[in-house]
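In what follows, a single structure is set out as structure tokens and then discussed.
Within every chain, numbering begins at 1; the chains are lettered A, B, ... in the order of the sequence lines, protein sequences first and strands thereafter. Worth knowing before you read on, the calculation uses all heavy atoms, side chains too, and leaves out hydrogens, waters and symmetry mates.
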Amino acid sequence: MNDQKLSISGQEALPPLSIESWQHRHVLDLDDFTRDEINLVFEIAEAMSEVIARDVKKVPTLRGKTIATMFFEPSTRTRSSFELAAKYLSADTVSLDSVKSSVAKGESLIDSLRTLQALGVDTIVMRHPCSGAPYIAAQNLETSIINAGDGCHAHPSQSLLDMYTLRRHLGDLNDIKVVIVGDITHSRVARSNIWGTKALGIKLTICAPPTLLPHGLQAMLNKCGLDHVTVEHDLDVAIRDADAVMSLRLQKERQQSGLVSSIREYIHLYQLTTQRLALARPGAIVMHPGPMNEGIEISREVAYSSQSLIEEQVTNGVAIRMALLYLITGGKIR
Amino acid sequence: MPEKVLLNSADIERALVRVAHEIVERNKGASNIVFVGIKTRGVPLAQRLAKIILDMEKVDAPVGSLDITLYRDDVSSLSFKHVVQQSNVPFDISNRHVILVDDVFYTGRSIRAALDALMDLGRAETIQLAVLIDRGHRELPIRADFVGKNIPTARNEEIKVYISEVDAVDKVTVRKPGAGGGEEHE
Amino acid sequence: MSPELLIKNAHIIDPGQSIDITGNILVSQGKIKSVGKDIKETGIPTIDASGLVACPGFVDLHCHLRDPGFEAKETIASGTAAAAHGGFTTICCMPNTNPPLDNLAAIDYVNGTAARKGAVRVLPVGCITKGRAGKEITEMKELSNGGCVGFSDDGSSVSNSRIMSLAMEYAASLNTPIIDHCEDTELSRDGQINDGWVAARLGLKGIPAAAEESIIARDIALARMTGARLHITHVSTAGSVELIRNAKKDGISISADVTPHHLTLTDEAVLRDSVKNGISFAYDTSAKVNPPLRSQVDIEALIHALNDGTIDAIATDHAPHSAEDKLCEFDAAAFGISGFETAFGVLMTLVNTGKIKLTTLLACLTHKPAGIIGGKCAATGILKPSSSADIVLLDLNKIWRVNTHNFYSKGKNTPFNGVDLKGSVAATIFQGIFAFRDNTLEVTG
């Protein structure tokens with residue numbers, strides 16, 4: 001049996017990566033990740049995928065380390081994904097739910113985090129409704145911070161697992177065409193994917209009605225050299241020949257605040273349906289960061305079709321998060 | 001100071017043939033053995049042993065590969081990370097005789113990590129250790145069952161194993177201290 | 001604390017009287033006695049001001065002293081000390097205190113405290129509406145008699161146009177300006193910074209220029225209708241400048257001020273380019289201010305407006321906050337910059353880069369703001385004999401680094417911390433007495 005490892009798509013294995021290239025003490029956003037670093041995370045996630053597939057899902061790598069999840073916004077899937085990732089690596093986990101914690105008693109964010117640091121926690125996985133909160137944490141603490149989503153700004157582990165999913169199926173991602181459709185203004189997933197796709201050479205199309213796009217978006221794309229991104233309002237145009245389509249959840253509150261005229265009209269123009277999907281490349285991949293509003297941004301048929309990798313994204317999420325915890329928590333960064 | 005060749009390609013092949021015979025003898029045949037090579041060079045060595053045994057006994061023993069990075073005891077103190085690669089043991093090791101294969105047997109820590117990994121994969125009947133080179137200086141109470149060649153060394157000497165599947169050539173060399181940098185193969 | 005003081009050999013610049021000479025100023029009994037080349041007095045305390053510029057003490061139309069109610073952020077004592085450190089001898093404090101300055105007792109409190117503990121002259125601005133709630137107009141006549149030099153609901157806009165027009169009519173009859181904070185709170189709701197590329201980049205909700213411009217346009221129309229004296233405070237956008245310019249052409253009684261930070265920083269200050277320890281110091285709350293820092297295009301328009309007189313004055317909008325109000329998530333951080341002590345140095349960057357002339361700058365800090373609050377007080381903004389001896393001595397060549405530890409203000413919230421500036425206040429004289437004096441400046445005799 002030939003041990004020379006092939007990635008699942010049958011392409012050549014990536015060249016061995018120098019791990020000294022990893023310089024991050026925190027994972028806050030993908031805007032400062034190089035292509036090599038992202039590929040490194042993928043490489044390690046592959047190994048972690050094998051661990052998850054075992055009967056006994058445990059390796060002793062982070063034994064004795066403590067990972068704290070501090071979620072100031074409700075979340076089941078991301079939080080359990082990180083907690084499982086930590087447990088599979090034999091780390092201890094402690095979980096703070098902001099509703100019951102001291103934050104409800106008026107303690108400041110930094111004080112709450114400092115308490116965790118004083119308790120000896122090794123890494124804090126944090127989700128917060130305010131953009132930039134993990135940066136304050138990183139600036140004021142010694143502990144490593146992994147951003148599990150801050151306001152509308154970033155969700156690096158989600159973007160990593162999205163692209164990892166693409167890589168597992170499409171191999172080399174250079175020049176492939178990906179479309180992200182939905183409420184971009186409020187989407188940290190979209191923003192992190194803008195940076196992630198840049199690093200990997202992916203051509204990204206952002207598709208949304210004008211009211212769901214940030215006013216400064218085009219200026220930002222110009223200013224930050226993000227020329228791999230195109231903005232398009234018409235989904236039927238955007239989706240043409242796409243290799244992958246990612247649908248974002250439309251929150252019902254957006255209609256109440258007037259950002260969409262009606263859910264019905266949104267569905268008509270932006271729902272990912274089987275007919276729309278046919279305009280993409282045959283076999284194009286369908287993704288969604290979850291949770292889905294079936295029947296709104298995505299039809300049930302498409303969500304459960306053979307092209308949908310939505311469930312695989314969840315599995316890959318654990319592997320990616322294991323890779324991040326391994327890189328951040330075990331050992332010191334020079 | 002240049003590397004001195006201790007074993008050439010033919011020496012290595014002879015050692016492997018002898019080890020393969022010993023394995024078959026000890027286990028009274030090859031019907032219930034499986035090979036697990038420790039990455040990186042333990043894997044082609046395991047494959048060669050399996051091939052020799054296939055020719056001898058007409059039994060095709062499965063070969064798996066094990067990455068022990070996640071089981072290292074020094075993850076916390078490392079200033080940089082080792083790349084984790086995938087392990088691939090696509091068969092059940094329970095109730096089988098596992099021949100663990102590595103290129104150089106030194107402090108014993110890699111073997112300890114490999115034993116932990118194997119414990120997570122199932123309950124082997126026995127685990128037996130086959131190494132190409134034993135260079136001494138054990139830090140843990142672990143012994144090899146099958147040794148290709150004993151090479152006593154000083155701690156500061158560097159033993160390097162080249163296996164053609166990985167390095168394009170077959171040889172084992174030693175380099176004395178003060179000869180400049182180079183990574184120790186564990 | 002002598003009743004007499006001679007300032008010798010100063011470069012005297014008094015734009016209000018078109019004076020630009022090297023000469024001396026004689027101060028006696030707290031008033032200016034004479035200004036000129038030939039003053040020869042001996043035996044009195046003297047400052048050799050060679051190499052320094054002497055000009056009227058600065059007049060600030062817009063600041064927050066937080067007293068009464070928010071004394072942790074600032075008090076009248078600490079705020080006036082900071083103002084003196086910044087060269088300001090007359091400051092107009094905004095009424096968003098607690099209780100707000102919407103009644104005579106509150107005004108009397110400010111006046112009394114300032115008289116006892118203030119280092120410089122404090123002129124209160126009264127609320128337009130009771131509690132700044134935008135519903136009932138305050139008793140403007142009584143507040144005016146009590147010493148209010150203007151009316152403002154600063155911090156808020158009067159969103160009900162009918163109420164605003166009535167307030168303007170009433171203020172017009174008192175010949176007192178409305179100092180107008182223009183903000184459409186529906187457009188700016190939940191906004192954190194300028195609605196531009198930085199907001200998109202950082203995932204922060206933006207405050208569009210239209211939030212300011214739409215209310216300016218409305219209030220210009222109301223001023224046209226009522227004949228009120230309208231003063232637009234902290235103008236921040238090119239669109240606003242254009243509206244004001246056109247209103248002036250139309251003969252509307254309108255004036256405007258701009259802050260030092262809006263003249264020199266864009267929304268990119270929130271990004272804070274420096275990368276320290278591998279973590280970007282983005283989300284810099286010290287750059288969070290209302291109205292927000294805008295774009296380079298807006299800065300160019302504001303500077304041009306200063307030069308062509310569309311904007312009449314520079315006001316600091318000094319807004320001190322305590323550390324915990326800023327050391328938190330960006331969304332939760334308070335809006336405001338503690339501006340007294342960096343104002344002159346920051347403004348000198350415009351002079352030093354040739355964007356505006358020194359005399360224009362000094363005019364916008366002295367007689368022009370004084371003119372807007374009118375003759376209600378002794379703050380004339382000019383060095384006229386028998387007026388209050390409010391003088392500031394400036395060292396235009398001194399290079400210094402902003403260090404909030406040296407601030408007299410309790411508010412250390414400034415995006416300029418650590419920045420090197422050229423141009424500083426060497427001394428501030430209020431009513432003939434040193435309210436601030438750099439310790440390298442000696443008084444002899």
What about C:Phe416 and C:His261, are their ring centers closer than 6.0 Å?
no
Within residues 213-231 of chain A, the residues sitting under 4.5 Å from chain C by heavy atom, in sequence order, are A:Pro214, A:His215, A:Gly216, A:Leu217, A:Ala219, A:Met220, A:Lys223, A:Cys224
Decide yes or no for C:Val241 and C:Val235: does some side-chain heavy atom of the first lie under 4.5 Å from some side-chain heavy atom of the second?
yes
Are A:Leu113 and A:Met126 side-chain neighbours, meaning at least one heavy-atom pair lies under 4.5 Å?
yes
Do NZ/NE/NH1/NH2 and the carboxylate oxygens of C:Arg201 and A:Asp31 come within less than 4.0 Å?
yes
Got a sec, which pairs hit ring pair (Phe, Tyr, Trp, His ring centres under 6.0 Å) with one end in residues 180-219 of chain C, sequence neighbours left out?
C:His181-C:His234
Choice from C:Asn194, C:Thr285, C:Asp195, C:Val198 maximising heavy atom contacts with chain A below 4.5 Å:
C:Asp195
Identify whether NZ of Lys or CZ of Arg in C:Lys412 sits under 6.0 Å from the centre of the six-membered ring of C:Phe407 and within 45° of that ring's axis.
no
